[in-house]
Amino acid sequence: MILERLSRRIAVSIKTADPEGPGTVEILEYELGLRLNWYTGLMLTIILRTTFGTTLGALITLFSFATLRKFSGGVHLPITICSIVTGFVASLIPLINLNYESIIILNIASLFIVLTYAPNEFEYVNPTQWDKWLKWISVVLVIGSFIIKSSEITLAFFIQAILILPVWTKHEGGG
(Lines give C-alpha, C1' and ligand atoms only; values in the text may rest on other atoms or scores of the structure.)
Protein backbone atom coordinates (compact mmCIF):
# COMPACT_ATOMS: atom_id res chain seq x y z
CA MET A 1 0.00 0.00 0.00
CA ILE A 2 1.08 3.57 -0.58
CA LEU A 3 1.55 4.89 2.96
CA GLU A 4 3.20 1.68 4.14
CA ARG A 5 5.78 1.91 1.35
CA LEU A 6 6.32 5.60 2.00
CA SER A 7 6.92 5.08 5.73
CA ARG A 8 9.33 2.22 4.93
CA ARG A 9 11.22 4.34 2.40
CA ILE A 10 11.54 7.26 4.84
CA ALA A 11 12.64 4.94 7.69
CA VAL A 12 15.33 3.37 5.52
CA SER A 13 16.52 6.84 4.45
CA ILE A 14 16.73 7.96 8.07
CA LYS A 15 18.72 4.87 9.08
CA THR A 16 21.00 5.23 6.07
CA ALA A 17 21.71 8.84 6.99
CA ASP A 18 22.19 8.01 10.69
CA PRO A 19 22.89 4.28 11.22
CA GLU A 20 23.69 4.79 14.91
CA GLY A 21 20.53 6.84 15.55
CA PRO A 22 17.84 5.64 17.92
CA GLY A 23 15.42 2.93 16.83
CA THR A 24 15.46 0.25 14.20
CA VAL A 25 14.09 0.64 10.71
CA GLU A 26 11.00 -1.29 11.85
CA ILE A 27 10.35 1.01 14.81
CA LEU A 28 10.87 4.11 12.67
CA GLU A 29 8.60 2.66 9.99
CA TYR A 30 5.87 1.94 12.55
CA GLU A 31 6.03 5.42 14.10
CA LEU A 32 6.15 7.12 10.69
CA GLY A 33 3.21 4.99 9.57
CA LEU A 34 1.15 6.16 12.55
CA ARG A 35 1.90 9.77 11.76
CA LEU A 36 1.26 9.40 8.03
CA ASN A 37 -2.03 7.67 8.85
CA TRP A 38 -3.15 10.53 11.10
CA TYR A 39 -2.06 13.33 8.76
CA THR A 40 -3.49 11.63 5.67
CA GLY A 41 -6.79 10.92 7.41
CA LEU A 42 -6.93 14.52 8.62
CA MET A 43 -6.11 15.95 5.19
CA LEU A 44 -8.64 13.69 3.47
CA THR A 45 -11.26 14.73 6.03
CA ILE A 46 -10.50 18.40 5.39
CA ILE A 47 -10.73 17.92 1.62
CA LEU A 48 -13.92 15.87 1.78
CA ARG A 49 -15.62 18.07 4.35
CA THR A 50 -15.55 20.91 1.84
CA THR A 51 -17.09 18.63 -0.77
CA PHE A 52 -19.85 17.42 1.55
CA GLY A 53 -20.27 20.74 3.37
CA THR A 54 -19.61 19.17 6.76
CA THR A 55 -16.80 21.39 7.98
CA LEU A 56 -17.13 21.45 11.77
CA GLY A 57 -18.99 18.15 12.05
CA ALA A 58 -16.26 16.25 10.21
CA LEU A 59 -13.57 17.53 12.55
CA ILE A 60 -15.72 16.79 15.61
CA THR A 61 -16.26 13.26 14.29
CA LEU A 62 -12.57 12.71 13.54
CA PHE A 63 -11.34 13.98 16.90
CA SER A 64 -14.07 12.13 18.83
CA PHE A 65 -13.22 8.87 17.10
CA ALA A 66 -9.46 9.35 17.59
CA THR A 67 -9.87 10.27 21.26
CA LEU A 68 -11.93 7.22 22.17
CA ARG A 69 -9.68 5.02 20.04
CA LYS A 70 -6.60 6.18 21.93
CA PHE A 71 -8.04 4.80 25.17
CA SER A 72 -10.20 1.89 23.99
CA GLY A 73 -7.92 0.33 21.37
CA GLY A 74 -9.49 -1.63 18.55
CA VAL A 75 -8.90 -3.40 15.29
CA HIS A 76 -6.14 -2.04 13.06
CA LEU A 77 -6.59 -1.69 9.32
CA PRO A 78 -3.62 -1.27 6.99
CA ILE A 79 -2.46 2.36 7.15
CA THR A 80 -3.55 3.44 3.66
CA ILE A 81 -6.99 1.84 3.95
CA CYS A 82 -7.42 3.25 7.46
CA SER A 83 -6.67 6.78 6.27
CA ILE A 84 -9.13 6.56 3.38
CA VAL A 85 -11.93 4.96 5.43
CA THR A 86 -11.41 7.41 8.30
CA GLY A 87 -11.51 10.43 5.99
CA PHE A 88 -14.69 9.29 4.27
CA VAL A 89 -16.47 8.21 7.43
CA ALA A 90 -15.55 11.41 9.29
CA SER A 91 -16.89 13.43 6.37
CA LEU A 92 -20.09 11.41 5.92
CA ILE A 93 -21.18 11.01 9.55
CA PRO A 94 -22.14 14.70 9.93
CA LEU A 95 -24.68 14.17 7.14
CA ILE A 96 -26.60 11.79 9.45
CA ASN A 97 -28.95 13.48 11.89
CA LEU A 98 -29.98 11.24 14.76
CA ASN A 99 -33.06 11.88 16.84
CA TYR A 100 -32.86 11.93 20.64
CA GLU A 101 -33.94 8.30 21.04
CA SER A 102 -31.35 7.07 18.52
CA ILE A 103 -28.60 9.00 20.30
CA ILE A 104 -29.56 7.41 23.63
CA ILE A 105 -29.80 3.88 22.16
CA LEU A 106 -26.42 4.13 20.37
CA ASN A 107 -24.80 5.65 23.46
CA ILE A 108 -26.15 2.81 25.63
CA ALA A 109 -24.83 0.26 23.13
CA SER A 110 -21.43 2.02 23.04
CA LEU A 111 -21.30 2.19 26.83
CA PHE A 112 -22.11 -1.51 27.16
CA ILE A 113 -19.43 -2.47 24.60
CA VAL A 114 -16.80 -0.20 26.16
CA LEU A 115 -17.58 -1.48 29.68
CA THR A 116 -17.30 -5.05 28.46
CA TYR A 117 -14.35 -4.94 26.05
CA ALA A 118 -12.24 -1.80 26.48
CA PRO A 119 -9.38 -1.63 26.20
CA ASN A 120 -9.00 -4.16 23.43
CA GLU A 121 -5.50 -3.89 22.06
CA PHE A 122 -5.08 -6.00 18.96
CA GLU A 123 -1.49 -4.78 18.73
CA TYR A 124 -0.17 -4.01 22.21
CA VAL A 125 3.02 -2.02 21.82
CA ASN A 126 3.74 0.50 24.58
CA PRO A 127 2.56 -0.38 28.09
CA THR A 128 2.21 2.70 30.34
CA GLN A 129 1.17 3.62 33.85
CA TRP A 130 -2.22 4.65 32.45
CA ASP A 131 -3.17 1.14 31.28
CA LYS A 132 -5.30 0.39 34.36
CA TRP A 133 -7.37 3.51 33.65
CA LEU A 134 -8.00 3.02 29.93
CA LYS A 135 -11.41 1.34 30.38
CA TRP A 136 -12.61 4.03 32.77
CA ILE A 137 -11.39 6.89 30.61
CA SER A 138 -13.26 5.29 27.69
CA VAL A 139 -16.40 4.94 29.84
CA VAL A 140 -16.23 8.60 30.92
CA LEU A 141 -15.90 9.69 27.28
CA VAL A 142 -19.01 7.72 26.29
CA ILE A 143 -20.94 9.02 29.31
CA GLY A 144 -19.99 12.52 28.16
CA SER A 145 -21.70 11.76 24.88
CA PHE A 146 -24.99 11.27 26.78
CA ILE A 147 -24.63 14.80 28.09
CA ILE A 148 -23.56 16.45 24.82
CA LYS A 149 -26.18 14.63 22.68
CA SER A 150 -24.27 15.14 19.43
CA SER A 151 -25.05 12.91 16.44
CA GLU A 152 -21.42 13.16 15.29
CA ILE A 153 -19.90 12.16 18.62
CA THR A 154 -22.48 9.42 19.19
CA LEU A 155 -21.86 7.84 15.78
CA ALA A 156 -18.07 8.20 16.05
CA PHE A 157 -18.13 6.52 19.47
CA PHE A 158 -20.49 3.78 18.28
CA ILE A 159 -18.27 2.94 15.30
CA GLN A 160 -15.20 2.92 17.54
CA ALA A 161 -17.02 0.68 20.05
CA ILE A 162 -17.77 -1.79 17.23
CA LEU A 163 -14.03 -1.85 16.45
CA ILE A 164 -13.13 -3.10 19.94
CA LEU A 165 -15.42 -6.12 19.73
CA PRO A 166 -13.37 -9.33 19.75
CA VAL A 167 -14.85 -10.51 16.45
CA TRP A 168 -12.08 -9.23 14.18
CA THR A 169 -9.46 -11.61 12.85
CA LYS A 170 -5.88 -10.92 11.82
CA HIS A 171 -7.06 -11.05 8.19
CA GLU A 172 -9.55 -8.24 8.88
CA GLY A 173 -6.93 -6.07 10.49
CA GLY A 174 -6.57 -7.34 14.04
CA GLY A 175 -3.08 -7.92 15.38
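Values below: every heavy atom of this structure, side chains too, minus hydrogens, waters and symmetry copies. Everything numeric in this text was worked out from a predicted model, so none of it was measured.
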Pairs under 3.5 angstrom only: tabulate donor-acceptor contacts from the side chains of residues 159-166 to other protein residues two or more places apart or in another chain.
unit_1, atom_1, unit_2, atom_2, d
Gln160, OE1, Arg69, NH1, 3.3
Gln160, NE2, Ser72, OG, 3.0
Gln160, NE2, Gly73, O, 2.4

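Once rounded to the nearest 0.5 Å, the distance linking CD1 of Ile84 with CE of Met1 reads 7.0 Å. Rounding to the nearest 0.5 angstrom, the gap separating the CG atom in Leu106 from the CG atom in Leu111 is 12.5 Å. In this structure, CD1 on Ile113 lies 12.0 Å from CD1 on Ile108, to the nearest 0.5 angstrom. Within the model, atoms CG of Leu62 and CD1 of Ile46 stand 8.5 Å from one another, a figure rounded to the nearest 0.5 Å. Between atom CZ of residue Phe157 and atom OG of residue Ser150 there is a gap of 9.0 Å, rounded to the nearest 0.5 Å. Ile103 contributes atom CD1, which lies 9.5 Å from atom CD of Glu101 (distance to the nearest 0.5 angstrom).
Phe146 is linked by a ring pair (Phe, Tyr, Trp, His ring centres under 6.0 Å) to nothing, counting only residues two or more places apart in sequence or in another chain. Taking the side chain to side chain donor-acceptor pair (under 3.5 Å) definition, one finds that Ser83 meets it with Asn37, sequence neighbours left out. Arg9 pairs by the side chain to side chain donor-acceptor pair (under 3.5 Å) definition with nothing, not counting sequence neighbours. Shown here are the ring pair (Phe, Tyr, Trp, His ring centres under 6.0 Å) partners of Trp133, two or more places apart in sequence or in another chain: there are none. With sequence neighbours left out, Thr67 forms a side chain to side chain donor-acceptor pair (under 3.5 Å) with no residue at all. Contacts of Asn99 classified as side chain to side chain donor-acceptor pair (under 3.5 Å), with partners at least two apart in sequence or in another chain: Ser102. In terms of the salt bridge (charged side-chain N to carboxylate O under 4.0 Å, His left out) criterion, residue partners of Glu26 (sequence neighbours excluded) are, by chain and number, Arg8.
Distance alone, capped at 3.5 Å, places no donor-acceptor pair between the Lys149 side chain and the Ile104 backbone.
With hydrophobic clusters built from ILVMFWY side chains whose heavy atoms lie under 4.5 angstrom apart, Tyr30 does not share a cluster with Val25. Linking ILVMFWY residues whenever their side-chain heavy atoms come closer than 4.5 Å, directly or via other members, leaves Ile147 and Ile60 in distinct clusters. Connection of Val167 to Phe158 is established within a shared hydrophobic cluster, with ILVMFWY side chains joined at heavy-atom distances below 4.5 Å, either directly or through further cluster members. With hydrophobic clusters built from ILVMFWY side chains whose heavy atoms lie under 4.5 angstrom apart, Leu134 shares a cluster with Val114. Cluster membership for Phe65 and Leu77, using ILVMFWY side-chain heavy atoms within less than 4.5 angstrom, is shared.
Among all heavy-atom pairs drawn from Ala90 and Thr61, the shortest one is CA-CG2, 3.7 Å. A pairwise comparison of heavy atoms in Pro119 and Phe71 identifies CB-O, 3.6 Å as the closest pair. The nearest pair of heavy atoms linking Thr154 to Ser145 is OG1-OG, 3.3 Å. For Ser7 against Glu4, the heavy-atom pair with the smallest separation is OG-O, 3.0 Å.
Grouped by direct or indirect side-chain proximity (heavy atoms under 4.5 Å, Ile/Leu/Val/Met/Phe/Trp/Tyr only), Ile79 sits with Leu3, Leu6, Ile10, Ile14, Leu28, Leu32, Leu36. Other cluster members for Ile105: none, since no ILVMFWY side-chain heavy atom sits under 4.5 Å from it. Listed by chain and number, the hydrophobic cluster partners of Val140 come to none, as no ILVMFWY side chain reaches under 4.5 Å of it.
The list of side-chain hydrogen bond (donor to acceptor under 3.5 Å, both in side chains) pairs with a residue in residues 108-119, not counting sequence neighbours, is empty.
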- Message: Assess the residue pair Leu42 and Thr86 against the criterion (side chain to side chain contact (heavy atoms under 4.5 Å, CB included)); give the C-alpha distance rounded to whole Å, side-chain angles, the decisive distance to 0.1 Å, and a yes or no.
- Response: CA-CA 8 Å; Leu42 179 61; Thr86 300; over 6 Å; no

- Task: Test side chain to side chain contact (heavy atoms under 4.5 Å, CB included) on Ile93 and Phe88 and set out the steps.
- Result: CA-CA 9 Å; Ile93 280 179; Phe88 272 100; over 6 Å; no

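When side chains are defined from C-beta on, Ser64 does not count as touching Glu152, because their heavy atoms never get closer than 4.5 Å. In this structure the side chain of Ile2 reaches within 4.5 angstrom of the side chain of Arg5, judged on heavy atoms. By the 4.5 Å heavy-atom criterion applied to side chains, Leu98 and Leu155 are counted as neighbours.
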